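Note that the coordinates shown come from a computational prediction; the quantities given were computed from them, not determined experimentally.
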Amino acid sequence: MSAQILQFLRELQENNNRPWFQENKARFDSLRNEFIHIVQELIDRISVFDPEIAGLEAKDCLFRIYRDIRFSPNKLPYKTYMGAYMALGGKNSLRSGYYLHMEPGNSFLSGGVWQPESKLLKMLRKDIYDQMDEFVAILEDPGFKATFPELEGERLKRMPAGYPSDFSHSEYLLHKDFCVTAAVLDSFFDDENWIENAVTAYKKLVPFHQFLNYTVDEFLGKV
């Protein structure tokens with residue numbers, strides 16, 4: 001069924017318009033339901049080693065396929081991917097969580113905190129600075145790095161105020177997002193064991209999540 005999801009999305013890339021989508025709406029609804037089942041299976045398997053997401057419902061993790069075009073120069077009405085963010089609280093959670101992105105030619109597994117609001121960003125940056133050795137050890141762990149090679153996301157052009165410009169790991173303090181990504185080929189989903197393979201990759205994110213979510217909990221007043 002994963003192959004059918006990708007095939008639908010390929011066709012959507014070529015026919016990103018309302019008439020085509022309406023003609024294929026029943027097909028989309030069926031495939032979306034299948035994606036929900038996939039995400040639920042991922043949640044159930046991940047919760048074995050991350051009990052925080054036990055009981056999370058897949059439907060609360062899925063992003064809409066409809067694009068918000070009100071303030072965008074790109075007026076194509078539909079996203080050409082299916083995505084789900086698996087974290088306590090669902091897709092709008094502030095917490096570091098597990099993300100699945102299925103898009104022909106651009107699929108990936110990811111985790112971390114993306115686009116935190118200003119106060120949370122400053123807190124994350126401060127805690128990373130204060131615990132840099134621990135943070136670097138997580139990112140540089142050979143098993144982690146083999147799957148998630150580097151910290152990604154938007155970056156500042158210069159060091160934020162209050163931090164020394166000659167700091168040995170200044171590159172991490174430039175980040176405005178704290179995410180890591182494992183790109184996968186379309187063929188990744190052809191393997192009958194792809195969900196198990198994805199869970200194996202996601203398991204490596206646990207120390208990364210724990211580090212970031214300690215700060216998120218402080219931000220939310222839970223520590």
Side-chain angles (χ1 to χ4, degrees), residues 43 46 49-53 56 60-64 67-68 70-74 79 81 83-101 106 108-145 147-183 201-223:
I43 290 169
I46 292 169
F49 56 82
D50 187 351
E52 180 176 278
I53 69 168
L56 185 64
D60 296 326
C61 302
L62 268 63
F63 293 98
R64 289 163 49 88
R67 295 184 63 249
D68 184 351
R70 291 172 298 173
F71 307 107
S72 172
N74 179 356
K79 301 170 186 174
Y81 62 86
Y85 188 61
M86 296 163 279
L88 182 66
K91 63 178 180 290
N92 295 319
S93 175
L94 299 180
R95 300 180 68 73
S96 182
Y98 310 87
Y99 179 65
L100 171 65
H101 186 97
N106 186 40
F108 56 88
L109 315 174
S110 184
V113 176
W114 183 66
Q115 291 188 341
E117 59 181 89
S118 177
K119 184 179 178 181
L120 177 55
L121 172 59
K122 290 178 180 178
M123 291 177 65
L124 287 164
R125 188 176 285 139
K126 177 66 164 55
D127 283 353
I128 288 170
Y129 177 75
D130 289 342
Q131 308 294 332
M132 184 61 75
D133 289 347
E134 180 184 350
F135 189 66
V136 171
I138 292 169
L139 296 181
E140 295 298 325
D141 175 82
F144 184 93
K145 195 173 182 64
T147 303
F148 301 101
E150 61 183 356
L151 197 64
E152 299 184 351
E154 190 176 352
R155 293 167 50 131
L156 299 170
K157 294 182 179 179
R158 62 186 66 184
M159 282 288 283
Y163 295 96
S165 59
D166 59 350
F167 184 63
S168 59
H169 293 291
S170 60
E171 68 274 17
Y172 296 130
L173 302 180
L174 295 172
H175 278 265
K176 298 171 69 175
D177 306 297
F178 297 99
C179 301
V180 291
T181 296
Y202 284 138
K203 189 174 183 179
K204 298 178 182 181
L205 290 170
V206 171
F208 185 61
H209 290 332
Q210 290 174 337
F211 185 100
L212 297 174
N213 282 333
Y214 184 86
T215 305
V216 175
D217 282 341
E218 284 186 314
F219 175 75
L220 295 173
K222 295 182 179 180
V223 175

Asks: Work out which heavy atom in Gly89 is nearest to a heavy atom in Leu56; give both atom names and the distance.
Replies: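 So the two residues come closest at N-CD1, 4.3 Å.
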Asks: In the structure I gave you, are the side-chain heavy atoms of Tyr214 and Ser96 within less than 4.5 Å of one another anywhere?
Replies: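 No. Closest side-chain heavy atoms not under 4.5 Å.
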Asks: Tell me, with the steps shown, if Arg95 and Leu212 meet side chain to side chain contact (heavy atoms under 4.5 Å, CB included).
Replies: CA-CA 8 Å; Arg95 300 180 68 73; Leu212 297 174; over 6 Å; no
Asks: Identify the two heavy atoms, one from Leu109 and one from Ala201, that lie closest to each other, and give their separation to 0.1 Å.
Replies: CD1-CB, 3.9 Å
Asks: Does the side chain of Gln115 come within less than 4.5 Å of Asp177's, by heavy atoms?
Replies: yes
Asks: Verify the neighbour count for atom NZ of Lys203: are there more than 12 heavy atoms of other residues, nucleotides or ligands below 6.0 Å?
Replies: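 No, because the 6.0 Å sphere around NZ of Lys203 holds 12 heavy atoms or fewer from other groups.
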Asks: Identify the heavy atoms of Leu120 and Val216 that sit nearest to each other, and give their distance.
Replies: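 What the structure gives for the nearest pair is CD1-CA, 4.2 Å.
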Asks: Quick one: CE on Met86 to CD1 on Ile53, what's the gap to the nearest 0.5 Å?
Replies: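 Interatomic distance, Met86 CE to Ile53 CD1, rounded to 0.5 Å: 7.0 Å.
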Asks: Using a cut-off of 6.0 Å, state whether more than 12 heavy atoms not belonging to Lys145 lie near its atom NZ.
Replies: yes
Asks: Please find the pair of heavy atoms, one from Tyr202 and one from Ile46, that lie closest to each other, and give the distance.
Replies: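 Result for this residue pair: CD1-CD1, 3.7 Å.
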Asks: Only distances under 3.5 Å count here; give the side-chain donor-acceptor pairs of residues 130-139 to other protein atoms, sequence neighbours excluded, each with its distance to 0.1 Å.
Replies:
from	atom 1	to	atom 2	distance (Å)
Asp130	OD1	Lys126	NZ	3.4
Asp130	OD2	Lys126	NZ	2.6

Asks: Do we see a donor-acceptor contact under 3.5 Å between the side chains of Tyr98 and Asp50?
Replies: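 A pair is found: one side chain offers a donor N or O, the other an acceptor, under 3.5 Å apart.
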Asks: Okay, side chain of Tyr85, backbone of Gly97: is any donor-acceptor separation there less than 3.5 Å?
Replies: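 Indeed, once roles are kept as given, a pair shorter than 3.5 Å links the two residues.
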Asks: What distance do Phe219 atom CZ and Leu121 atom CG have between them, rounded to the nearest 0.5 Å?
Replies: 10.5 Å
Asks: Please give me the minimum heavy-atom distance between Val180 and Ser110, naming the atom from each residue.
Replies: O-OG, 2.8 Å
Asks: Checking His101 now: which residues fulfil side chain to side chain donor-acceptor pair (under 3.5 Å) with it, not counting sequence neighbours?
Replies: Tyr99, Glu103
Asks: Between the side chain of Arg125 and the main-chain N/O of His175, is any donor-acceptor distance below 3.5 Å?
Replies: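 Side chain of Arg125 to backbone of His175: a pair is present.
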Asks: Go through the structure and list residues passing side chain to side chain donor-acceptor pair (under 3.5 Å) with Asp166, not counting sequence neighbours.
Replies: none
Asks: Rounded at 0.5 Å granularity, tell me how far OG in Ser165 sits from CG in Leu173.
Replies: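 If I round to the nearest 0.5 Å, the distance is 11.5 Å.
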Asks: Check Asn213 against Glu52 and note the closest heavy-atom contact, atom names and distance.
Replies: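 In this case the closest contact between Asn213 and Glu52 is ND2-OE2, 4.3 Å.
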Asks: Report, as yes or no, whether the 6.0 Å neighbourhood of atom NZ on Lys176 holds more than 12 heavy atoms from other residues, nucleotides or ligands.
Replies: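 Open: at most 12 neighbouring heavy atoms sit under 6.0 Å from NZ of Lys176.
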Asks: Determine, using ring centers only, whether Phe167 and Tyr129 are less than 6.0 Å apart.
Replies: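 That pair passes the under 6.0 Å test.
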